[in-house]
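Inspection log for the structure reproduced underneath, given as structure tokens.
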Amino acid sequence: MATLNISLPDQLRDWISTQITSGRYSSASDYLRDLIRNDQRVLMQDSQWLANHLQARMATPDEAFVASSAADVKARVRKQLDKSA
């Protein structure tokens with residue numbers, strides 16, 4: 001296992017200490033490992049969502065798309081906003 005030394009402002013160090021005192025984490029290392037794992041999980045979920053979203057769009061036949069000018073798009077959005085108001 002590798003060692004990483006980091007510098008934190010007192011406020012963040014106090015936050016970590018509070019998390020350890022609460023009993024949820026056994027050490028600062030435990031807390032930071034959990035933060036990193038959660039960050040990895042979120043990034044993977046975001047990446048998977050984007051891949052799924054794009055895959056569905058890429059599978060859409062070209063003829064399903066309609067050419068729209070900026071003015072068309074703005075008019076359509078204004079119409080939707082007027083309906084929701």
Side-chain angles (χ1 to χ4, degrees):
M1 186 175 295
T3 300
L4 175 68
N5 293 315
I6 61 171
S7 298
L8 297 172
D10 291 338
Q11 186 178 17
L12 292 180
R13 178 62 192 162
D14 292 344
W15 176 258
I16 292 172
S17 294
T18 300
Q19 299 308 304
I20 295 166
T21 303
S22 74
R24 184 168 180 199
Y25 300 98
S26 61
S27 65
S29 293
D30 187 30
Y31 178 72
L32 292 171
R33 281 191 295 269
D34 193 44
L35 284 178
I36 293 167
R37 287 185 192 109
N38 285 335
D39 188 44
Q40 288 174 324
R41 210 172 2 260
V42 167
L43 289 174
M44 291 299 291
Q45 288 170 350
D46 289 350
S47 176
Q48 188 61 49
W49 177 87
L50 182 59
N52 291 342
H53 185 74
L54 291 176
Q55 185 177 26
R57 298 314 176 264
M58 295 299 290
T60 302
D62 287 343
E63 55 272 6
F65 292 98
V66 177
S68 297
S69 69
D72 293 336
V73 172
K74 288 196 288 189
R76 190 168 54 242
V77 169
R78 283 189 182 117
K79 189 175 182 179
Q80 289 174 346
L81 290 173
D82 288 342
K83 287 181 181 178
S84 65

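Atoms considered below: every heavy atom in the structure, side chains included; atoms not considered: hydrogens, waters and symmetry mates.
- With rounding to the nearest 0.5 Å, the separation of CG in Leu32 from CG in Leu4 is 8.5 Å.
- Hydrophobic clustering places Ile6 together with Leu12 (ILVMFWY residues linked when any side-chain heavy atoms are closer than 4.5 Å, directly or through intermediates).
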Scan the side chains in residues 20-27 for donor-acceptor partners under 3.5 Å anywhere in the protein, sequence neighbours excluded, and list what turns up.
| from | atom 1 | to | atom 2 | distance (Å) |
| --- | --- | --- | --- | --- |
| Thr21 | OG1 | Ser17 | O | 2.8 |
| Ser22 | OG | Gln19 | O | 2.6 |
| Ser22 | OG | Arg24 | N | 3.4 |
| Tyr25 | OH | Asp34 | OD2 | 2.6 |
| Ser27 | OG | Ser29 | N | 3.4 |
| Ser27 | OG | Asp30 | N | 3.1 |

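- Shown here are the side chain to side chain contact (heavy atoms under 4.5 Å, CB included) partners of Asp39, two or more places apart in sequence or in another chain: Leu43.
- Every pair passing ring pair (Phe, Tyr, Trp, His ring centres under 6.0 Å) that includes a residue from residues 52-85 is listed here, sequence neighbours excluded: Trp49-His53.
- To the nearest 0.5 Å, atoms OG1 (Thr18) and CZ (Arg13) are separated by 10.0 Å.
- The side chain to side chain donor-acceptor pair (under 3.5 Å) check on Arg41 picks up Asn38, with sequence neighbours excluded.
- The side chain to side chain donor-acceptor pair (under 3.5 Å) search around Asp10 returns none, not counting sequence neighbours.
- The side chain to side chain donor-acceptor pair (under 3.5 Å) pairs that include a residue from residues 71-85 are Ser69-Asp72, where partners are two or more places apart or lie in different chains.
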